[in-house]
Colleague: 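Before I ask anything, let me first share the structure, which is written out below as structure tokens.
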Amino acid sequence: MTTTPPDPSGPDDVPFAPAGRYEVDTLAADAREAADGTAVRLAGRVMLWRAMGGIAFGQLQDQSGRIQFSLRKNDLGPEQFKAWAKSLALGDFVGVRGELWTTDKGEKTVAVAELTLLNKARRPMPDKWAGVADVDLKYRKRYLDLLVNDESRHRFHVRTQVIRTIRRYLDDHGFVEVETPILQAAASGAAARPFSTHHNALDRDFFLRISPETYLKRVVAGGFDRVYEIGRNFRNEGIDSSHLQEFTMLEWYAAYWDYRDNIRFVRELIQATLDEVLGTRTVTFGGQTFDFDGVWPELDYRDEVRRVTGIDLHEIRDVDRLKAAVKDHGLQGDKELADQVSYAGLVDLIYKKTLRPGLVQPTVLMHHPVEMVPLARRSDDDPTRLDMFQVVVNGWEIVKAYSELVDPVDQRARLEEQTELRAAGDDETMMMEDDFIECMEHGMPPMSGLGLGIDRFVALITDAPTLRDVVLFPTLRE
RNA sequence: GCCUCCGUAGCCAAGUGGUCAAGGCAGCGGACUUUUAAUCCGAAGACCGUGGGUUCGAAUCCCACCGGGGGCACCA
């Protein structure tokens, strides 16, 4: 009992109506583990097809992997066998029903009793050995990349496992998942150029969020003590192997925690995620090995800048003296120097040029100068620095976190400084948000929040050289 | 935005001034009853990204444009 094979005249001119549904009871990966003689029904794509005179072998691929299937002339009769041998093509979707057996070469195989053509592929598959090598094609036709490239398929499976594991971990620790606006009247929570758009019904411009930060704090002010959001942020900046214009960020906020609680918590979260997804806390990336086990070293931001550059940020507190110091130490070209109008911008530039590339193993870099982040809390024992840290791996920042500023007086003053810097020509300042300060005036519990770049983390643990390899459809020109 | 490299058939890929632009996979015709990128035989498939130019002659050299990679700048 086999459906009639189509006219074997080639994939492009075969009239064929796709089937409606097919009853599947086994996945390829499970079938490979099942005992000979087990009756199975599977469906998937034909990825290999070798028809000989009296027997034919193919490989069927479904979401779980591949399994071989066989057709025999003796079982089907010569006409049926020949018709299938000539008509079945790579890329076709088939349903197979039959019993499992193991070939002489030890390959688990479905002996097909019934073969059903579910749909034809009207265009050819990529080269079955070389796969999709052209990176342009790989991103534009990701479906082909996923079909033929095991490495790509694996990365996206890891990505979903990472997100699922993180979500479960946070849920288990009393966090509540929430959603906050992507269309925001003021792009806040980070220093970055936003995308802007127009809301027709309200007849006003909006920004795509660069961060959910101030909205998540509003939720905490509303009594949700532990909240998190996993979602897309957008930053209208350059694209490279560690930056995408839309990227996925995990942010959480916990009332009554400080940044020290988050140093511990994020380490335990990452280690638990690695245990669950990879089964190891050591990952290989670009030939290097990153060890996430144990307690990660903690380095003081200003001490490290001084160690690497000789510039003492404890002592140098204003932009003019800092520019002079940079020049004295021969660090920068004049143009980049002149472009920086703010202390924070220049400090950040120095850090990115000199210190960050050297932070390869998981490192906690902490106590940034107070000018760096207007939403973070000053340290009680040193008001020139922040209760803040970043986790850097491979020179990539994968975590940024701090004790939150919940004092509306200090908050207003810090954002006003930002406005002044903007007027002076710094276009990466944070926007004033009166509504947010008003929320703070109503009262906000002490809290600490944290952001983790999901794309970067997944890229690091799947040895993906660029973030485009862990995003299904990266932005390209048309 | 700037610099630089790349674009040859559905896919992979040789060819860097000179007879009809290699080869492989897929597809087409044929052989083959245990293949593992099956093998073997046969036929076919390319206005060499697009448009100009140089030259007796251009896939090859030059210019512009389109698309992509890498680097710089900007950012997490």
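All chains are named by letter (A, B, ...) in the order of the sequence lines, taking the proteins before the strands, and each is independently numbered beginning at 1. The model shown is predicted, which means the values in this text are computed figures rather than measured ones.
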Colleague: Can you check the distance between B:C5 and B:A44, where both ends of the measurement are the P atom (answer in whole Å)?
Modeller: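 40 Å, rounded to whole Å.
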Colleague: May I ask you to evaluate whether A:R477 reaches the phosphate of B:G68, defined as a side-chain N or O under 4.0 Å from OP1 or OP2?
Modeller: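 The answer is yes; a side-chain N or O of A:R477 sits under 4.0 Å from OP1 or OP2.
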Colleague: Going by salt bridge (charged side-chain N to carboxylate O under 4.0 Å, His left out), name the residues that satisfy it together with A:R159, two or more places apart in sequence or in a different chain.
Modeller: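 Expected list: A:D455.
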Colleague: So A:I398, base contact, sugar-phosphate only, or nothing? Heavy-atom distance under 4.0 Å.
Modeller: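 Nothing: the residue A:I398, judged by heavy atoms under 4.0 Å, touches no strand.
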Colleague: Taking the P atom of each, how far is B:U4 from B:A13, in whole Å?
Modeller: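 Each nucleotide's P atom is 25 Å from the other's.
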Colleague: Between B:G67, B:U34, B:A37, which nucleotide gets closest to the side-chain atoms of A:R72?
Modeller: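 Of B:G67, B:U34, B:A37, B:U34 is nearest to the side chain of A:R72.
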Colleague: Apply salt bridge (charged side-chain N to carboxylate O under 4.0 Å, His left out) to A:R142 and list each qualifying residue two or more places apart in sequence or on a separate chain.
Modeller: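 Expected list: A:D145.
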Colleague: Heavy atoms only: give me the nearest A:A56-A:W49 pair and the separation to one decimal.
Modeller: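 For A:A56 and A:W49, the tightest heavy-atom pair comes out as CB-CH2, 3.6 Å.
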Colleague: Throw together a table of side-chain donor-acceptor distances under 3.5 angstrom for residues 36-46 of chain A, partners on residues two or more places apart or in other chains.
Modeller:
from, atom 1, to, atom 2, distance (Å)
A:D36, OD1, A:T102, OG1, 2.8
A:D36, OD1, A:K108, NZ, 2.8
A:D36, OD2, A:T102, N, 3.4
A:D36, OD2, A:T102, OG1, 3.1
A:T38, OG1, A:A35, O, 2.6
A:R41, NE, A:E23, O, 2.9
A:R45, NH1, A:G91, O, 3.0

Colleague: Of the nucleotides B:A26, B:G67, B:U33, which has the atom closest to the A:I55 side chain?
Modeller: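 Per side-chain heavy atoms of A:I55, the pick is B:U33.
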Colleague: Any strand counts, and the cut-off is 3.5 Å on both contacts for Watson-Crick or G-U wobble. Which nucleotide pairs with B:A14?
Modeller: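 Its partner: none found.
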Colleague: Taking only residues two or more places apart in sequence or in another chain, which ones pass ring-ring contact (aromatic ring centres under 6.0 Å, His included) with A:Y301?
Modeller: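 Checked A:Y301 against ring-ring contact (aromatic ring centres under 6.0 Å, His included); matches are A:Y351, A:H368.
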Colleague: With a 6.0 Å cut-off on ring centres, are A:Y215 and A:Y253 close enough?
Modeller: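 They do not qualify: ring centres at least 6.0 Å apart.
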Colleague: For A:D240, what residues pass the side-chain hydrogen bond (donor to acceptor under 3.5 Å, both in side chains) criterion, not counting sequence neighbours?
Modeller: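 Counting only residues at least two positions away or on another chain, A:D240 forms a side-chain hydrogen bond (donor to acceptor under 3.5 Å, both in side chains) with A:S242, A:H243.
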Colleague: Do the rings of A:F234 and A:F195 sit parallel, tilted or perpendicular, given the 30° and 60° boundaries?
Modeller: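 Ring orientation, 0 to 90° scale: perpendicular.
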Colleague: Is the phosphate of B:G69, meaning OP1 or OP2, less than 4.0 Å from a side-chain N or O of A:R468?
Modeller: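 Answer is yes, contact under 4.0 Å.
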Colleague: For A:G238, which contact category applies under a 4.0 Å heavy-atom criterion: base, sugar-phosphate, or nothing?
Modeller: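 If one applies the 4.0 Å heavy-atom cut-off, A:G238 turns out to touch a base.
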Colleague: Between B:G10, B:U34, B:G67, spot the one nearest the side chain of A:R140, thanks.
Modeller: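 Of the candidates, B:G67 comes closest.
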Colleague: Give every residue pair that meets the salt bridge (charged side-chain N to carboxylate O under 4.0 Å, His left out) criterion with at least one member in residues 460-470 of chain A, sequence neighbours excluded.
Modeller: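 Passing the test, one end in residues 460-470 of chain A: A:K138-A:D469.
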Colleague: Which nucleotide sits closest to the side chain of A:Q59: B:U36, B:G67, B:G27?
Modeller: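 That would be B:U36.
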Colleague: State which of B:U33, B:G67, B:C74 makes the closest approach to the side chain of A:D240.
Modeller: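 Nearest to the side chain of A:D240 among the choices is B:C74.
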Colleague: In the strands shown, is B:U60 matched to any nucleotide by a Watson-Crick or G-U wobble pair with both distances under 3.5 Å, and which?
Modeller: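 Paired with no nucleotide.
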Colleague: So which pairs with a foot in residues 62-72 of chain A pass salt bridge (charged side-chain N to carboxylate O under 4.0 Å, His left out), sequence neighbours left out?
Modeller: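 Pairs touching residues 62-72 of chain A that pass the test: A:R72-A:D75.
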Colleague: May I ask you to say what A:Q68 touches in the nucleic acid, namely base, sugar-phosphate or nothing, with a heavy-atom cut-off under 4.0 Å?
Modeller: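 Contact class for A:Q68: base.
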Colleague: Which base, if any, makes a Watson-Crick or G-U wobble pair with B:U4, both distances under 3.5 Å?
Modeller: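 Paired with B:U4, as far as the under-3.5 Å criterion goes, is B:G69.
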Colleague: Return the polar atom pairs (N/O with N/O) between nucleotides 39-48 of chain B and the protein under 3.5 Å, or none.
Modeller:
none

Colleague: Between N or O atoms, less than 3.5 Å apart, protein on one side and nucleotides 21-23 of chain B on the other: list the pairs.
Modeller:
none

Colleague: Would you check if A:T354 and A:V305 make a side-chain contact, meaning some heavy-atom pair closer than 4.5 Å?
Modeller: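 When only atoms from C-beta onward are counted, A:V305 and A:T354 do not touch, as no gap falls below 4.5 Å.
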Colleague: Please state the C1' separation for the pair B:U33 and B:U39 - nearest whole angstrom.
Modeller: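 Each nucleotide's C1' atom is 14 Å from the other's.
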Colleague: If you check the A:L349 side chain, which of B:U36, B:G27, B:C74 turns out closest?
Modeller: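 Among B:U36, B:G27, B:C74, the one nearest the side chain of A:L349 is B:C74.
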Colleague: Using a cut-off of 4.0 Å on non-hydrogen atoms, how would the nucleic acid contact of A:L137 be classed: base, sugar-phosphate, or nothing?
Modeller: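 Sugar-phosphate: the residue A:L137, judged by heavy atoms under 4.0 Å, touches backbone atoms but no base.
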Colleague: What does A:W49 touch in the nucleic acid at a heavy-atom separation under 4.0 angstrom: a base, only the sugar-phosphate, or nothing?
Modeller: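 Touches nothing.
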Colleague: Run the salt bridge (charged side-chain N to carboxylate O under 4.0 Å, His left out) test against A:D348 and tell me which residues pass, sequence neighbours left out.
Modeller: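 Per chain and number, A:D348 pairs via salt bridge (charged side-chain N to carboxylate O under 4.0 Å, His left out) with A:K352.
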Colleague: Below 4.0 angstrom, which residues in residues 126-136 of chain A have at least one non-hydrogen atom near RNA chain B?
Modeller: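 The answer is A:P126, A:D127, A:K128, A:W129, A:A130, A:G131, A:A133, A:D134, A:V135, A:D136.
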Colleague: Return all side-chain donor-acceptor pairs below 3.5 angstrom for residues 177-187 of chain A, not counting sequence neighbours, or 'none' if the list is empty.
Modeller:
from, atom 1, to, atom 2, distance (Å)
A:E177, OE1, A:R167, NE, 3.0
A:E177, OE1, A:Y228, OH, 3.3
A:E177, OE2, A:R167, NE, 3.3
A:E177, OE2, A:R167, NH2, 2.8
A:T180, OG1, A:R209, NH1, 3.3
A:T180, OG1, A:E229, OE1, 2.6
A:Q184, NE2, A:P181, O, 3.2
A:Q184, NE2, A:S211, O, 3.4

Colleague: Tell me which nucleotide among B:U34, B:A73, B:G69 gets nearest to the side chain of A:Y139.
Modeller: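 The closest nucleotide is B:G69.
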Colleague: Quick one: is B:G30 close enough that its OP1 or OP2 comes under 4.0 Å of any side-chain N or O from A:K86?
Modeller: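 Yes.
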Colleague: Have a look at A:E107 and say if it touches a base, only the backbone sugar-phosphate, or nothing, with a 4.0 Å heavy-atom cut-off.
Modeller: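 Contact class for A:E107: base.
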Colleague: Looking at B:U36, does its base get a donor-acceptor pair with the side chain of A:T103 below 3.5 Å?
Modeller: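 Donor-acceptor pair under 3.5 Å: yes.
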Colleague: Figure out the NZ/P separation between A:K353 and B:A73, and round it to whole Å.
Modeller: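 In whole Å, B:A73 P lies 3 Å from A:K353 NZ.
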